[in-house]
Amino acid sequence: TRLEARLAALAAAGDTIQYGALTRDLGLRMAELTAALEALMETDHAQGQPFRAALCTQRLSPDHLPAPGFFHKAAALGHRIDDPATFVAIERSRLHANRT
């Protein structure tokens with residue numbers, strides 16, 4: 001999908017993107033993007049891969065973290081998140097290490 005290709009390019013570049021910019025890039029509504037990202041998280045979890053959705057950031061997050069929904073979904077999939085910043089840093093480092 002276009003979303004997966006965009007996230008793969010971000011991972012390869014070692015970069016992140018704000019949700020709003022990603023919706024504009026892909027021509028999606030925020031609700032559509034959110035649903036697509038949650039579906040990708042389910043796929044990533046099932047395949048034992050890092051969460052590609054970790055590359056998304058909230059516009060107003062001083063730490064460039066994903067939205068709360070990212071953490072709720074990760075927890076619902078069985079991940080323990082004691083420190084959100086560390087969890088995201090690990091996911092992003094795994095994504096960047098898997099550059100293709």
Side-chain angles (χ1 to χ4, degrees):
T1 68
R2 290 179 57 218
L3 173 59
E4 290 174 276
R6 185 72 172 99
L7 292 174
L10 289 165
D15 208 355
T16 60
I17 191 168
Q18 290 180 0
Y19 291 100
L22 189 54
T23 59
R24 288 188 298 278
D25 287 355
L26 300 176
L28 298 173
R29 292 187 185 106
M30 190 61 72
E32 294 169 323
L33 177 64
T34 299
L37 288 170
E38 288 188 358
L40 273 182
M41 289 180 74
E42 291 172 5
T43 299
D44 292 341
H45 175 75
Q47 296 176 352
Q49 297 296 318
F51 290 129
R52 291 172 280 180
L55 298 173
C56 297
T57 66
Q58 292 187 91
R59 183 171 55 92
L60 299 177
S61 172
D63 298 327
H64 305 286
L65 294 178
F70 168 83
F71 299 103
H72 295 306
K73 184 65 174 183
L77 291 169
H79 292 265
R80 184 173 170 170
I81 303 168
D82 295 322
D83 178 358
T86 298
F87 181 79
V88 169
I90 291 168
E91 292 297 292
R92 288 177 181 167
S93 69
R94 290 178 63 207
L95 286 162
H96 298 158
N98 290 342
R99 295 178 191 180
T100 56

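Residues: numbered from 1 along the sequence shown. Because only heavy atoms are used, hydrogens play no part in the values below, and waters and symmetry mates are left out as well, while side chains stay in.
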So, for [X] and [Y], which heavy atoms are closest and what is the spacing to 0.1 Å?
X	Y	answer
Leu22	Arg6	CD1-CG, 3.6 Å
Arg94	Gly48	NH2-O, 3.3 Å
Met41	Ala53	CG-CB, 3.8 Å
Phe51	Asp44	CA-OD2, 3.6 Å
Pro50	Leu95	CG-CD2, 3.7 Å

Spacing of [X] atom [atom1] and [Y] atom [atom2] [to the nearest 0.5 Å]:
X	Y	atom1	atom2	value
Leu7	Asp15	CG	CG	11.5 Å
Arg92	Leu10	CZ	CG	10.5 Å
Thr1	Leu3	OG1	CG	5.0 Å

TODO: List the steps and the verdict of side-chain contact (heavy atoms from CB on, under 4.5 Å) for Leu55 and Ile17.
DONE: CA-CA 6 Å; Leu55 298 173; Ile17 191 168; 5.5 Å; no
Exam field: side chain [X] to backbone [Y], donor-acceptor pair closer than 3.5 Å:
X	Y	result
His64	Thr57	no
Asp83	Ala85	yes
Tyr19	Leu33	no
Ser61	Gln58	no
Arg2	Asp25	yes

May I have the step-by-step check of side-chain contact (heavy atoms from CB on, under 4.5 Å) for Phe70 and Leu37, ending in yes or no?
CA-CA 9 Å; Phe70 168 83; Leu37 288 170; over 6 Å; no
Should Leu40 and Ile90 be counted in the same cluster of Ile, Leu, Val, Met, Phe, Trp and Tyr side chains packed under 4.5 Å apart?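 As far as the 4.5 Å side-chain criterion goes, Ile90 and Leu40 are not connected within one cluster.
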| Could you walk me through whether Thr16 and Cys56 pass the side-chain contact (heavy atoms from CB on, under 4.5 Å) check? | CA-CA 6 Å; Thr16 60; Cys56 297; over 6 Å; no
His79/Phe71 aromatic ring centres below 6.0 Å =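 Distance test on ring centres: not under 6.0 Å, no.
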Check: Are Glu91 and Arg52 within salt-bridge range, i.e. N to O under 4.0 Å?
Finding: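 Here Glu91 does not pair with Arg52 in a salt bridge, since their nearest N and O are not under 4.0 Å apart.
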